[in-house]
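Working notes for the structure below.
Please read all numbers here as calculations on a predicted model, not as lab measurements. Counting starts at 1 for both ligands and their atoms, following the listed order.
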Amino acid sequence: MPLVNTTEMFKKAYEGGYAIGAFNVNNMEIVQGITEAAKETNSPLILQVSAGARKYANHTYLMKLIEAALVETDLPIAVHLDHGDSFELCKSCIDGGFTSVMIDGSHLPFEENIALTKKVVEYAHAHGVTVEGELGRLAGVEDDINVSVEDSSYTKPEEVEEFVSRTGVDSLAIAIGTSHGAFKFTGEAHLRFDILEEVGRRLPGFPIVLHGASSVIPEYVDMINKFGGSMPGAKGVPEDMLRKAASMAVCKINIDSDLRLAMTAAVRKVFVENPSEFDPRKYLGPARAEIKKLVTNKLINVLGCAGKA
Ligand code: G3H
Ligand code: 13P
Ligand code: ZN
């Protein structure tokens, strides 16, 4: 099956009350762990690539890894640019075979966000590529830029209809209290489901995207801390909140930090338990297996997209 854009998968997810997992990929073991889990559970999938991932691994290497995953799985897979920050970057990804891009103008004034997003939509749609825009600003770390809680802002529901109709975007990321990275809440986790509900009411049938949606699985944080790491206070979005969001208008749930934690925990365990080990396959193999286990659980028990490919 060739790569697909997100149109069909979002339509089915919206109607079915589940969400597609959008997992960040940076190397072969991550691609394999995620796609093996999707194959075993027969799940549709979004593999997303950030500017940082593209710089680290190189566009062509990542595309070839994803093409290999297509051959191995025969699943509907979209390859998506995560947090594109310019028209040029989006164009380069579209020209290079991506089937979906995000243009993140959330830091710009409303009119500038609209103008930039519209320009990307025009180019993308002419090439059969779907576009995600963003309104509202998440806190946390993104591509080495740290957005403080004070600089973050919730999405204003009264802006969404105008943004979507004037830009022509295919999906919209909104800010309801999630944040990027492994330290999302200092106290109790709290999300503004009232904003999500109001956005859903104003945009019936329209797919909403949730960024910063890792659960920061406590078992992995404990494992990292036990095997020489230090991540005190790491905390993520509880799984029941993600299930609730998926049953509402959220059709795409972004996960990166949980993959990093699973991989790091597995590698640290090997190094501590087996200090003489120096074959990379002996620590990257367990890391890949841990990613597969993590993603399998997400697809079946959190996102609800298992069996929907
Ligand atoms: O939203 C941020 C993602 O976790 C990607 O992170 O820019 O460090 O690759 P990155
Ligand atoms: P996490 O840091 O919660 O995994 O969020 C990832 C993300 O939103 C990528 O765009
Ligand atoms: Zn994000």
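- A donor atom on one side chain and an acceptor atom on the other are found under 3.5 Å apart for Glu132 and His211.
- Note that Lys119 lies in the cation-pi zone of Phe87, set by a 6.0 Å cut-off to the ring centre and a 45° limit from the axis.
- Here Val209 sits alone; no ILVMFWY side chain lies under 4.5 Å from its own, so it joins no hydrophobic cluster.
- Nearest N/O/S atom of His211 with respect to the Zn ion (ligand 3) is recorded as ND1.
- Around NZ of Lys235, the count of heavy atoms belonging to other residues, nucleotides or ligands within 6.0 Å exceeds 12.
- Phe98 has its side chain within reach of Met63: a pair of non-hydrogen atoms, C-beta onward, lies under 4.5 Å apart.
- When non-hydrogen atoms are compared, ligand 1 lies under 4.0 Å from the side chain of His83 (C-beta onward) but not from its backbone.
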Can you pull every nitrogen or oxygen pair between ligand 2 and the protein closer than 3.5 angstrom?
residue  : atom   : partner : partner atom : Å
ligand 2 : 2 (O)  : Gly181  : N            : 2.9
ligand 2 : 2 (O)  : Ser257  : OG           : 2.7
ligand 2 : 3 (O)  : Lys184  : NZ           : 2.5
ligand 2 : 3 (O)  : Ala213  : N            : 3.1
ligand 2 : 3 (O)  : Ser214  : N            : 3.0
ligand 2 : 4 (O)  : Ser214  : OG           : 2.6
ligand 2 : 4 (O)  : Asp256  : N            : 2.7
ligand 2 : 4 (O)  : Ser257  : N            : 2.7
ligand 2 : 5 (O)  : Gly212  : N            : 3.3
ligand 2 : 8 (O)  : His180  : NE2          : 3.1
ligand 2 : 8 (O)  : His211  : ND1          : 3.4
ligand 2 : 8 (O)  : Gly212  : N            : 2.8
ligand 2 : 10 (O) : Asp82   : OD1          : 2.9
ligand 2 : 10 (O) : Asp82   : OD2          : 2.7
ligand 2 : 10 (O) : His83   : NE2          : 3.2
ligand 2 : 10 (O) : His211  : ND1          : 3.1
ligand 2 : 10 (O) : Asn254  : ND2          : 3.1

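- Counting heavy atoms under 4.0 Å from ligand 1, residue Asn254 does not touch it at all.
- Residue Arg260 places a heavy atom under 4.0 Å from ligand 1.
- Of the options Glu158, Glu161, Glu159, a salt bridge (charged side-chain N to carboxylate O under 4.0 Å, His left out) to Arg202 is made by Glu161 and by none of the others.
- Restricting His180 to its N, O or S atoms, the one at the least distance from the Zn ion (ligand 3) is NE2.
- Residue Asp256 has at least one nitrogen or oxygen atom sitting less than 3.5 Å from a nitrogen or oxygen atom of ligand 1, judged on distance alone.
- No hydrogens or angles considered: a donor-acceptor pair under 3.5 Å links the side chains of Tyr123 and Asp95.
- Short contacts between ligand 1 and Asn24, defined as distances under 4.0 Å to a heavy atom of the residue, involve ligand atoms 3 (C), 5 (C).
- Considering only residues two or more places apart in sequence or on other chains, Glu15 meets the salt bridge (charged side-chain N to carboxylate O under 4.0 Å, His left out) condition with Lys11.
- The residue among Ser50, Ser257, Ala51 with a heavy atom at the shortest distance from atom 9 (O) of ligand 1 is Ser50.
- Cluster partners of Ile46, using a side-chain heavy-atom cutoff of under 4.5 Å among ILVMFWY residues and allowing indirect links, are Val4, Met9, Phe10, Tyr18, Ile20.
- Other residues, nucleotides and ligands contribute at most 12 non-hydrogen atoms within 6.0 Å of the OH atom of Tyr61.
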